[in-house]
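Only one structure is covered here, and it is reproduced in the block below.
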Amino acid sequence: MKTTMTSVAGESVDIHVVERPEDLGAFFDWIEQKSVLGADTETTGLDIFSDDFRVRTVQFGNATTGWVLPVEKGWEFTKAACEVLTSGRHFIFHNAMYDLQVIDRCFSIPLEETFGKVVDTRILAHLIDPRGQEEGGIGHSLEALTRALIDPAVADEVKVLVKLLAKEMKTTQSQVWSVVDIDNPDYLLYAGMDPILAYRLREKLEPLVPASARGLVAYEHRLAEVCAVMERNGFLVDTTYSRKLSNRLRREEDAAGDRLFETFGVESPNSTEQVADALEELGVKVRGRTPTGRRKVDKKLLDDLSELDAPEGELARLVIEAKRTRKWRTTWVDGFLAGMDTNNRVHPSINPLRARTARMSITGIPAQTLPSSDWMIRRCFIPDPGESLVSVDYKAQELRVLAALSGDTVMRRAFQHDADLHQITADAAGVDRKVGKMANFLQVYGGGPAKLAEGAGISFPDAKRVIDAFRSTYPGVAQFARAAEEEARQLGYVTTPTGRVLPVDESRIYASTNYLVQSTSRDVTCAGLLRLYDDGFGPYLRLPIHDEVLASVPADQAERGAKMIREALRMDFRGVDIDTDAEILGDSWGAGYVPDSEREAYETTFIPF
DNA sequence: CAGGTTAGCACC
DNA sequence: AAACGGTGCTAACCTG
């Protein structure tokens with residue numbers, strides 16, 4: 001056993017590195033009386049579900065002592081770690097979803113059995129201040145929190161250490177943990193420090209959780225478990241379809257790229273500079289400028305040009321095509337194929353507590369940004385054998401939440417009768433439904449007349465009239481917005497009905513309403529997810545997408561399953577029915593978009609790969 | 001050349 | 001008076 005003495009916040013701490021099975025006795029002696037432990041794992045990377053993913057060390061500790069168990073060195077160490085993890089003790093992790101997923105995957109200790117015994121310091125940090133460092137918050141990483149609350153010198157040391165190790169081993173910082181030697185003393189020191197920091201952070205963070213948000217602590221931990229289950233479930237990929245689609249997109253991209261180069265000399269369609277040069281050579285004046293003063297070549301300019309029956313129209317059409325096919329292939333299809341485990345499943349990475357408003361984010365399967373107007377990409381995902389995909393989404397979730405929050409009589413009544421709110425706004429302003437819809441959403445987003453004019457293609461004064469009409473149609477909303485902004489001005493934050501504290505920047509007081517609506521909507525969806533989980537739907541859940549939940553349910557019970565999901569998600573909020581719609585998609589995520597006949601016709605046009 | 005920034009674009 | 005909220009990903013470009 002190797003012991004290193006160092007100091008944290010002026011206090012001396014010991015880090016013990018277990019080296020041989022005989023050393024475990026001392027570890028168990030130390031741990032015997034401890035019922036709460038800081039804990040952490042070091043792994044070969046972040047790709048938990050890949051074949052060669054391994055745990056390297058498991059660490060436990062308290063405020064002054066850290067232990068490193070080198071589980072990759074032998075089964076005795078793994079056994080010891082598992083014994084502790086299943087012992088009934090409580091643990092403090094930073095970002096527990098990751099470690100508990102690792103423990104589930106590598107040690108076969110189900111995360112359902114560990115989550116209930118865990119405090120996650122990242123959850124506490126987000127409840128205290130949801131802002132990242134770049135937004136003026138303290139941030140949520142172990143490093144940032146250590147710097148702000150424990151000991152800046154320790155935070156710096158760790159940062160410098162990773163850089164040094166990467167340099168020493170001639171690798172990237174993200175690769176360090178997969179290649180560093182298990183006996184590297186710096187690595188082990190770093191590893192042993194983490195449970196100490198997690199333990200100390202909990203003591204610092206718990207008192208800082210706002211009183212209104214204390215009830216959210218347990219809720220967010222339960223939600224993290226549900227999301228971890230969805231990550232573990234993964235989503236089955238139709239590899240035959242996906243490979244064909246990838247090849248097809250590549251051919252289309254190449255064709256457009258070749259013509260762009262031959263005819264217009266554009267090598268990289270994604271290079272704004274190159275495209276701007278080529279356009280100006282054809283006599284097109286590129287007037288728009290980006291914030292940094294460069295020529296702006298965006299979708300709007302290209303779309304407008306693509307209408308022209310002229311060389312610049314051809315150029316624009318080719319650039320649009322080349323960009324789209326490349327994006328679709330690299331960002332989506334090839335990403336899915338590369339991310340699959342050996343069972344053809346892609347495991348999304350879900351952060352249930354991400355944005356300032358606590359909105360979730362999903363990576364791995366960037367489910368929140370898949371093209372929605374086209375079924376082609378979603379078609380890559382299929383239900384498990386014998387199952388059927390079901391999608392349930394909230395009907396106008398944010399507007400219903402706005403109606404509930406504001407209590408506006410007209411809006412509430414509209415939703416009571418399932419009336420068409422966009423049409424009501426449109427009628428009040430004497431404009432098309434499309435403009436009414438835009439005005440409704442702009443209200444939720446905090447937009448003004450300039451944006452409405454731009455988006456709806458109407459004049460500025462007309463846009464102002466529409467917004468005035470909105471205000472007089474829904475006086476309760478205007479009053480609610482004023483109160484929220486006043487609260488934000490006075491306190492620097494607003495508080496949601498769930499008790500979540502949302503800081504509002506002084507320069508963006510107008511965002512208060514949006515924060516409240518967005519955050520409350522998030523909690524409506526998440527509370528629904530918890531009900532679904534408690535109803536036993538865990539294994540069927542695939543993805544949460546803001547106001548939508550995707551599930552794969554037994555095909556012969558799809559109707560019933562869809563109805564159960566729909567009812568579990570639906571809720572009454574202050575007398576407003578936050579209602580849901582269920583759709584049985586069938587044999588792929590793309591299946592709801594287009595009739596089978598059309599799909600088959602399209603799929604047969606694929607070139608064999 | 002790794003890592004950060006900018007621009008553009010996909011979504012709710 | 002007016003103020004568009006929140007994400008993630010890629011390619012190109014910039015920097016130390």
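Numbered from 1 within each chain, the chains take letters A, B, ... in sequence-line order. Keep in mind that what you see is a predicted model, and the values were worked out from it rather than measured.
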**Asked** Is there a donor and acceptor pair, one atom on the side chain of Arg359(A) and one on the base of dC12(B), closer than 3.5 Å?
**Response** yes

**Prompt:** What nucleic acid atoms does Lys300(A) come within less than 4.0 Å of, heavy atoms only: base, sugar-phosphate, or nothing?
**Reply:** nothing

Check residues 466-475 of chain A and write down every donor-acceptor pair under 3.5 Å in which the side-chain atom is one partner and the other belongs to a residue at least two apart or another chain.
from	atom 1	to	atom 2	distance (Å)
Ser472(A)	OG	Asp468(A)	O	3.0
Ser472(A)	OG	Ala469(A)	O	3.3
Thr473(A)	OG1	Ala469(A)	O	2.5
Tyr474(A)	OH	Thr425(A)	OG1	2.7

**Item:** Integer-rounded Å distance: dC9(B) P and Leu370(A) CG
**Value:** 18 Å

**Request:** For dG5(C), take OP1 and OP2 only and decide whether either is under 4.0 Å from a side-chain N or O of Lys451(A).
**Result:** no

**Message:** I need the CD1-C1' distance between Ile509(A) and dA2(C), as an integer number of Å.
**Reply:** 14 Å

**Request:** State whether Trp332(A) and Arg329(A) meet the cation-pi test: NZ (Lys) or CZ (Arg) under 6.0 Å from the six-membered ring centroid, and within 45° of the perpendicular axis.
**Result:** no

**Asked** When all nucleic acid strands are considered with a 4.0 Å heavy-atom cut-off, which category describes Arg508(A): base, sugar-phosphate, or nothing?
**Response** sugar-phosphate

**Prompt:** Atom CD of Glu485(A) to atom P of dA3(C): distance rounded to whole Å?
**Reply:** 13 Å

**Spacing of Leu442(A) atom CG relative to dG6(C) atom C1', expressed in whole Å** = 15 Å

**Complete:** Whether each nucleotide of nucleotides 8-16 of chain C has a protein heavy atom under 4.0 Å at its base (B), only at its sugar-phosphate (S) or at neither (-) is summarised, 5' to 3', as BBSSSS---

**Fill in**
note: Leu353(A), atom CG; dG6(C), atom P; distance rounded to Å ~ 16 Å

**Request:** With heavy atoms under 4.0 Å as the rule, sort Tyr394(A) into base, sugar-phosphate or nothing.
**Result:** nothing

**Prompt:** If you measure from the Lys or Arg side-chain nitrogens to the Asp or Glu carboxylate oxygens, is any gap between Arg295(A) and Asp277(A) under 4.0 Å?
**Reply:** yes

**Prompt:** When you check the gap from the basic side-chain N to the acidic O, do Arg317(A) and Glu321(A) get nearer than 4.0 Å?
**Reply:** no

**Message:** Using ring centroids (six-membered ring only for Trp), state whether Phe441(A) and His422(A) fall under 6.0 Å.
**Reply:** yes

**Request:** For dC4(C), take OP1 and OP2 only and decide whether either is under 4.0 Å from a side-chain N or O of Tyr510(A).
**Result:** no

**Prompt:** Any cation-pi pair here, Arg542(A) with Phe381(A), using under 6.0 Å and within 45°?
**Reply:** no

**Asked** Quick one: which of dC12(B), dA10(B), dG5(C) gets closest to the side chain of Tyr515(A)?
**Response** dG5(C)

**Asked** Under the 5.5 Å and 30° test, is Tyr445(A) stacked on the base of dG5(C)?
**Response** yes

Scan the side chains in residues 501-512 of chain A for donor-acceptor partners under 3.5 Å anywhere in the protein, sequence neighbours excluded, and list what turns up.
from	atom 1	to	atom 2	distance (Å)
Asp505(A)	OD1	Arg356(A)	NH1	3.4
Ser512(A)	OG	Ile509(A)	O	2.6

**Asked** Heavy atoms under 4.0 Å, any strand shown: does Ala367(A) hit a base, just sugar-phosphate, or nothing?
**Response** nothing

**Message:** Categorize Val297(A) for me: base, sugar-phosphate, or nothing, with a 4.0 angstrom heavy-atom threshold over every strand shown.
**Reply:** sugar-phosphate

**Message:** Base, sugar-phosphate or nothing for Phe441(A)? Non-hydrogen atoms, less than 4.0 Å.
**Reply:** nothing

**Between C1' of dT7(C) and CE of Met360(A), the distance in whole Å** = 13 Å

**Asked** Over how many whole Å does the gap from Arg465(A) atom CZ to dA1(C) atom C1' extend?
**Response** 17 Å

**Item:** Given dG5(C), dA7(B), dT7(C), the nucleotide with the shortest approach to the side chain of Ala511(A)
**Value:** dG5(C)

**Asked** For Glu231(A) and Gln101(A), does a side-chain donor sit closer than 3.5 Å to a side-chain acceptor?
**Response** yes

**Request:** To the nearest Å, give me how far apart CD (Glu134(A)) and P (dT6(B)) are.
**Result:** 13 Å

